[in-house]
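What follows is a set of notes on a single structure, which appears directly below.
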Amino acid sequence: LVIDEGSLEKPLWDLEIALLESDVAMPAAEEILKSLKEELIGERRKFTAKTHKIAEEALRNALLKVVSSGQFDFDTFIRDAAKPVKILFVGVNGTGKTTCIAKVAYRLRERGHSVVLASGDTFRAGAEEQIDAHAERLGVKLIKHQQGADPAAVIYDAVQHANARKLDVVLADTAGRFHTSVNLMEQLKKICRVNKPDLIIFVDEAIAGNDAVERAKQFNEAIGIGGSILTKIDADAKGGAAISIAHVTGKPILFVGTGQEYGDLEPFKPEWLVEKLIG
Amino acid sequence: GLGASLKDTMAKIANARRIDRELVDEVVKSIQRAMLQADVNVKLVMNISNKIRERALKEKPPEGMSSREHVIRIVYQELTGFVGKSADIQLGRQRILMVGLQGSGKTLSTARLARYFQRKGLKPAVIAADIYRPGAYDQLKQLSERANFSFYGERDSKNAVKIVKNGLAELEQNDVIIIDTAGRHSLEKDLIREMKDINRAVDPDHRFLIMDAAIGQQASEQARAFHDAVSITGVIISKLDGTAKGGGALSAVAETGSPIAFIGTGETIEDFEQFEPDRFISRLLG
Ligand SMILES: Nc1nc2c(ncn2[C@@H]2O[C@H](COP(=O)(O)OP(=O)(O)OP(=O)(O)O)[C@@H](O)[C@H]2O)c(=O)[nH]1
Ligand SMILES: Nc1nc2c(ncn2[C@@H]2O[C@H](COP(=O)(O)OP(=O)(O)OP(=O)(O)O)[C@@H](O)[C@H]2O)c(=O)[nH]1
Ligand SMILES: [Mg+2]
Ligand SMILES: [Mg+2]
């Protein structure tokens, strides 16, 4: 039997609804299903095989492919990179960037690396106090300037400090910002021009819906994303945003945030996510 | 984008001589897509679009109204009817408890809400009852200093209930007392219990759920959990200055049975407006 468009319509619609209910952004879901349809039409199937089972299996493979694109091992990257490795954390407001920096610092220290933090959010109320408290708890040096200072300069300072002290990693925080703010995106571009980060990590939350595609796309177009961290997956989020972000950037999800403590950072596993989505 | 598709479909109706089943189906499909793209709950999208389809087929356009205007009117009526009126904010003595998911905008909204009452001539004050997040105390304190309203917090305290009790006593002279709390979600049982304890200690006139405009399909479940725990009386949608459409707010309204009171439209303490159903819906539909 040959699979035709008609027999695919209901299975693909059901799968699209399942993806949308799991927070895969609509543009991503539609594009993935569209190429799936093209791939399946005209394929032969056994008389006993159900079309919706075939579609589901094909989708599972397509999702795995999307979310595994560009995967690399973070620990190996750190180990092999020229020191100091400069890592910049970016994203929209409230996604968990500052908390991620604390978690990553904790993880790096556990693995014997020396770390310095840069207080690159020089704008928001209480931002410096927040990262300062983390630095103190972690026993890590924090480079900060006064509120309103140029973030590019603070980060530059931190890199100089790392060079002088022969430290392994610089983790640079930035203020949350929306891709719709021309000024703030220009500021971010300047931070990258001045400091030339080795890795730009886009931090977004698993509970975000369709906007995950738009913001990942805009940040990627503005400064180029090297990898992402998906936070708050412990809020029972299905994690579809991982598909949206990987689909539009082609870059890997490196970690997922599973809580508010320093240890709540897990390496991202593509199979685990796909199982959550259409298990 | 999706907006264009809805406009194209509407243009088709404008040029149609009569509204038939096929055209209505096409309109409903593009409305579904717009709503899904705007993060409206999937089941809700199906319910609302079925209602729209039913009315578009059954109801005749009123005298002098084109078919296109008629269908657009039905769409707006169903959606604005669903999202309801903006909350009626009393300008008197009251206590307001601010709750919501991590990072949704509670602390900034606490300050913005205080500023709103200040602009209306009332004397607002805020209490920092988030004992977990590093720098939460400083964040709210700095915001209150900039706008010049009273602040109460206990930097090193690990007892939120104690803080609010002491705060309420200390801030007695103020008209409106707004309490900022830590972010939490439905699966953090200890934090949900803490929220209930704080609620009992404050006995507030209002319990506002602050939601990020970008929240996805989780909105319904989380709003339900907060409502079951402390009975929400109003919703605030933050970060509408981004590209997110805020469709999750429809779920919040559905689950809590309460209106949307304010929207956050930026990062300063002034970026706070009273909710307007029509503007919100037209932005949602793109
Ligand atoms: N449950 C849960 N909460 C998280 C996670 N990651 C971060 N958070 C919480 O999310 C809130 C916001 O975290 P921040 O680190 O301040 O976020 P941010 O992106 O730096 O915020 P801005 O700098 O204001 O843009 C805090 O309450 C964190 O504890 C996570 O993986 N799970
Ligand atoms: N652009 C913009 N940013 C906002 C808006 N509302 C809040 N923010 C920002 O979003 C981030 C999170 O806001 P907070 O007020 O710290 O959020 P919160 O709910 O108190 O976070 P937790 O206490 O960690 O749960 C901050 O960077 C705020 O400045 C808004 O309407 N527009
Ligand atoms: Mg931050
Ligand atoms: Mg807060």
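Remember, it's a predicted structure, so these values are computed and weren't measured experimentally. So you know, we letter chains A, B, ... as the sequences are listed, proteins then strands, and number each from 1. Side chains are part of it too, since the values below use all heavy atoms of this structure and drop only hydrogens, waters and symmetry mates.
In this structure, no portion of B:N41 lies under 4.5 Å from any heavy atom of chain A. Only the side chain of A:R215 comes within less than 4.5 Å of a heavy atom of chain B; its backbone N, CA, C and O stay farther away. Proximity to chain B is limited to the side chain of A:Q260, based on heavy atoms less than 4.5 angstrom apart. For B:R184, no part lies under 4.5 angstrom from a heavy atom of chain A. For a residue to count as touching a neighbouring chain, one of its non-hydrogen atoms must lie under 4.5 Å from one of that chain's; by this rule A:D234 touches chain B with backbone and side chain alike. Heavy atoms closer than 4.5 Å to chain A are found in the side chain of B:L101, but not in its backbone. Contacts of B:I269 with chain A are absent, with no heavy-atom separation under 4.5 Å from either backbone or side chain. Contact of B:L187 with chain A is made through the side chain alone, with heavy-atom distances under 4.5 Å. Of the two parts of B:S186, neither the backbone nor the side chain holds a non-hydrogen atom closer than 4.5 Å to a non-hydrogen atom of chain A.
Rounded to the nearest 0.5 Å, atoms CZ (A:F178) and CG (B:L240) are 9.0 Å apart. Put simply, CG on A:N93 and CG on B:D241 are 7.5 Å apart, with the number rounded to the nearest 0.5 Å. Separation of atoms CG (A:N210) and CD (B:Q37) is listed at 5.0 Å; rounding is to 0.5 Å. The distance from the CD atom of B:Q139 to the CD atom of A:E129 is 9.5 Å, given to the nearest 0.5 Å.
At most 12 non-hydrogen atoms from other residues, nucleotides or ligands lie less than 6.0 angstrom from CD of A:E261. Residue A:E9 places its CD atom among 12 or fewer non-hydrogen atoms of other residues, nucleotides or ligands, all under 6.0 Å distant. Remark: B:R119 CZ is packed, more than 12 non-hydrogen atoms of other residues, nucleotides or ligands lying under 6.0 Å away. B:E145 CD: more than 12 foreign heavy atoms inside a 6.0 Å radius. Enclosure of atom NZ in A:K276 by more than 12 non-hydrogen atoms of other residues, nucleotides or ligands within 6.0 angstrom is indicated. For A:Y106, the OH atom counts as loosely surrounded, since its 6.0 Å shell holds 12 or fewer non-hydrogen atoms of other residues, nucleotides or ligands.
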Next on the checklist: As a quick check of understanding, evaluate side chain to side chain contact (heavy atoms under 4.5 Å, CB included) for B:E267 and A:R177, giving each step before the final call.
Outcome noted: CA-CA 9 Å; B:E267 257 192 293; A:R177 72 201 63 224; 5.7 Å; no
Item to check | Residues A:K232, B:Q102; criterion side chain to side chain contact (heavy atoms under 4.5 Å, CB included); working and verdict | outcome: CA-CA 8 Å; A:K232 308 179 194 173; B:Q102 284 88 352; 4.3 Å; yes
Item to check | Test log, rule side chain to side chain contact (heavy atoms under 4.5 Å, CB included), inputs A:E205 and B:I215 | outcome: CA-CA 9 Å; A:E205 47 199 359; B:I215 189 169; over 6 Å; no
Result block: side-chain N/O donor-acceptor pairs under 3.5 angstrom for residues 14-26 of chain A, not counting sequence neighbours:
from: A:D14; atom 1: OD1; to: A:K10; atom 2: NZ; distance (Å): 3.2
from: A:D14; atom 1: OD2; to: A:K10; atom 2: NZ; distance (Å): 2.7
from: A:E21; atom 1: OE2; to: B:K43; atom 2: NZ; distance (Å): 3.4
from: A:S22; atom 1: OG; to: A:A18; atom 2: O; distance (Å): 3.0
from: A:D23; atom 1: OD1; to: B:Q217; atom 2: N; distance (Å): 2.7

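At a cut-off of 3.5 Å, with distance as the only test, no side-chain donor of B:H185 or A:D236 sits close to an acceptor on the other residue.
A pairwise comparison of heavy atoms in B:A214 and A:D211 identifies CB-CB, 4.0 Å as the closest pair.
With contacts defined as side-chain heavy-atom distances shorter than 4.5 Å, the pair B:P134/A:H134 qualifies.
In this structure, B:R33 pairs ionically with A:E30, as a charged nitrogen and a carboxylate oxygen lie closer than 4.0 Å.
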